[in-house]
Amino acid sequence: MDWKTLPTNYTDAVWNGLKKYSMINNSDGTVSFDDKTVYTGKENSFFGAAEANAMNAAMNKLAGNMETVEERAASAEASADNAFNYAKNAESSATTATTAKNNASESATAAANSATAAANSATTASQKATAAASSATAAANSASVAQASAAKVTMILFDNAGAHNAIYRGKNLGTSVTSAQWAAIANDTFIDLYIGDYEDVPNRS
Amino acid sequence: MYLTGLDSAKTTIKSAFGGAHVLSHRQRLVNAVTNGVPSGSAWFDSTIELMTEQNVYGGKLFAPTSAGSSIPAMFTVDKSQYPLFAYEPSLIANGQTIWLRDVVTTSAFANVYSNGQANSSAASRSYGVRPAFCIS
């Protein structure tokens, strides 16, 4: 029902003195009274069934609307709660996301540092590898030279008295002559025996 | 020195290496001296002997050598320097004055002084011995 604006111009009927009635004798033996009072503002003072119905209808509508408003308010409150919860969840998610972002940033920084360190290590390792390769080459060359020299020396390093008497070594041979040394002396090879070698015999005095 | 110090050294050496390993060999040793010069010698079976000046220095330094008009007999076959002293002369000195085999005068023998210098001293002096020997 469309809302109809109720009138707000009701007035009280006003009259002077006492009300006045004329009595009418009816044929059935009853009497009626006809109001003869002169009123002022009586037209807007009447409050009848139509106005009461209109007001009640309006009140009913308002009451119905109130229920709807309450329901909507409850629904809105529930929605607000949900929204609040969503907001809290969103905030928590945002915090988590921020933390994750910071962690990711720190991890990225650490990874970058590690990458830089790894690159430096790789460079150092490469340089060391190059140096090692150079050293290996030099060592190989030295080994070749030493081998050539050793080959020349080997030619004169016979195991006999002449050769071993021409080399001073001065090595401590131990505390007693071994069977191998006795054999080397007996067969004139003098293997591992050279000038200056000595036995440190205990309790010799 | 031949009767006391050397005999003690012989005992020590044979104890250390075993008597069977100390080589016995023929050695010509002086057994007579006239006017401070060796005048007689004989062959001996020798095991351990004092070193000669030649063994240590490579030549005679105090023992009599050719004097222009006379050529004294050396009476030794130990005329070579040991390779040890040729290659490492610092080992000639061992901190002790040691007797050598060579006769220098009627009363003196050659020795290696404690600091390594060639020396000779009266035979009455008490010094150490540093004998040489062969092992087999």
Side-chain angles (χ1 to χ4, degrees), chain A residues 135-136 138-205, chain B residues 1 4-25 47-48 50-52 54-58 77-99 112 114 116 126-136:
Chain A
S135 298
N141 292 336
S142 298
S144 297
V145 173
Q147 189 175 20
S149 299
K152 293 177 181 176
V153 173
T154 301
M155 295 175 63
I156 62 173
L157 285 180
F158 298 105
D159 283 327
N160 57 33
H164 285 226
N165 271 333
I167 297 173
Y168 175 83
R169 187 170 69 168
K171 178 183 177 183
N172 184 341
L173 299 177
T175 56
S176 63
V177 184
T178 66
S179 58
Q181 290 166 346
W182 285 127
I185 294 169
N187 62 22
D188 293 332
T189 60
F190 298 98
I191 294 172
D192 201 30
L193 295 170
Y194 293 94
I195 299 303
D197 291 356
Y198 59 96
E199 300 282 352
D200 191 8
V201 180
N203 301 320
R204 60 186 180 275
S205 61
Chain B
M1 54 190 170
T4 57
L6 186 58
D7 281 345
S8 175
K10 286 179 179 179
T11 301
T12 299
I13 291 167
K14 289 179 179 178
S15 173
F17 291 92
H21 285 292
V22 179
L23 183 66
S24 178
H25 58 285
T47 54
I48 299 167
L50 296 180
M51 295 184 288
T52 65
Q54 295 97 315
N55 294 155
V56 177
Y57 310 120
V77 293
D78 256 348
K79 57 183 175 51
S80 299
Q81 186 183 25
Y82 293 151
L84 173 64
F85 300 131
Y87 289 117
E88 188 50 86
S90 68
L91 293 179
I92 290 175
N94 68 351
Q96 300 291 328
T97 299
I98 57 167
W99 286 117
V112 178
S114 60
S126 293
Y127 291 138
V129 294
R130 190 182 179 187
F133 56 98
C134 297
I135 57 176
S136 62

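Every heavy atom of this structure was used, including side-chain atoms; hydrogens, water molecules and symmetry mates were not. Throughout, a chain's letter reflects where its sequence line sits, starting with A, and its residues are numbered from 1.
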Visitor: Could you check if a side-chain atom of B/Ile135 sits within less than 4.5 angstrom of a side-chain atom of A/Trp182, using non-hydrogen atoms only?
Guide: yes

Visitor: Provide the closest heavy-atom pair for B/Ser136 versus A/Ile185 in the form atom of the first, atom of the second, distance.
Guide: CA-CG2, 3.9 Å

Visitor: Specify the closest pair of heavy atoms between B/Leu84 and A/Ile195, including all atoms of both residues, with the distance to one decimal.
Guide: CA-CG2, 3.4 Å

Visitor: Considering all heavy atoms of both residues, which atom of B/Tyr87 and which atom of A/Asn165 are nearest to each other, and what is their separation?
Guide: CE1-O, 3.0 Å

Visitor: For B/Tyr82, which atoms come within 4.5 Å of any heavy atom of chain A: side chain, backbone, both, or neither?
Guide: neither

Visitor: Counting only heavy atoms not in B/Glu88 (residues, nucleotides, ligands), do more than 12 fall under 6.0 Å from its CD?
Guide: yes

Visitor: Is any side-chain heavy atom of A/Tyr168 less than 4.5 Å from a side-chain heavy atom of B/Leu91?
Guide: yes

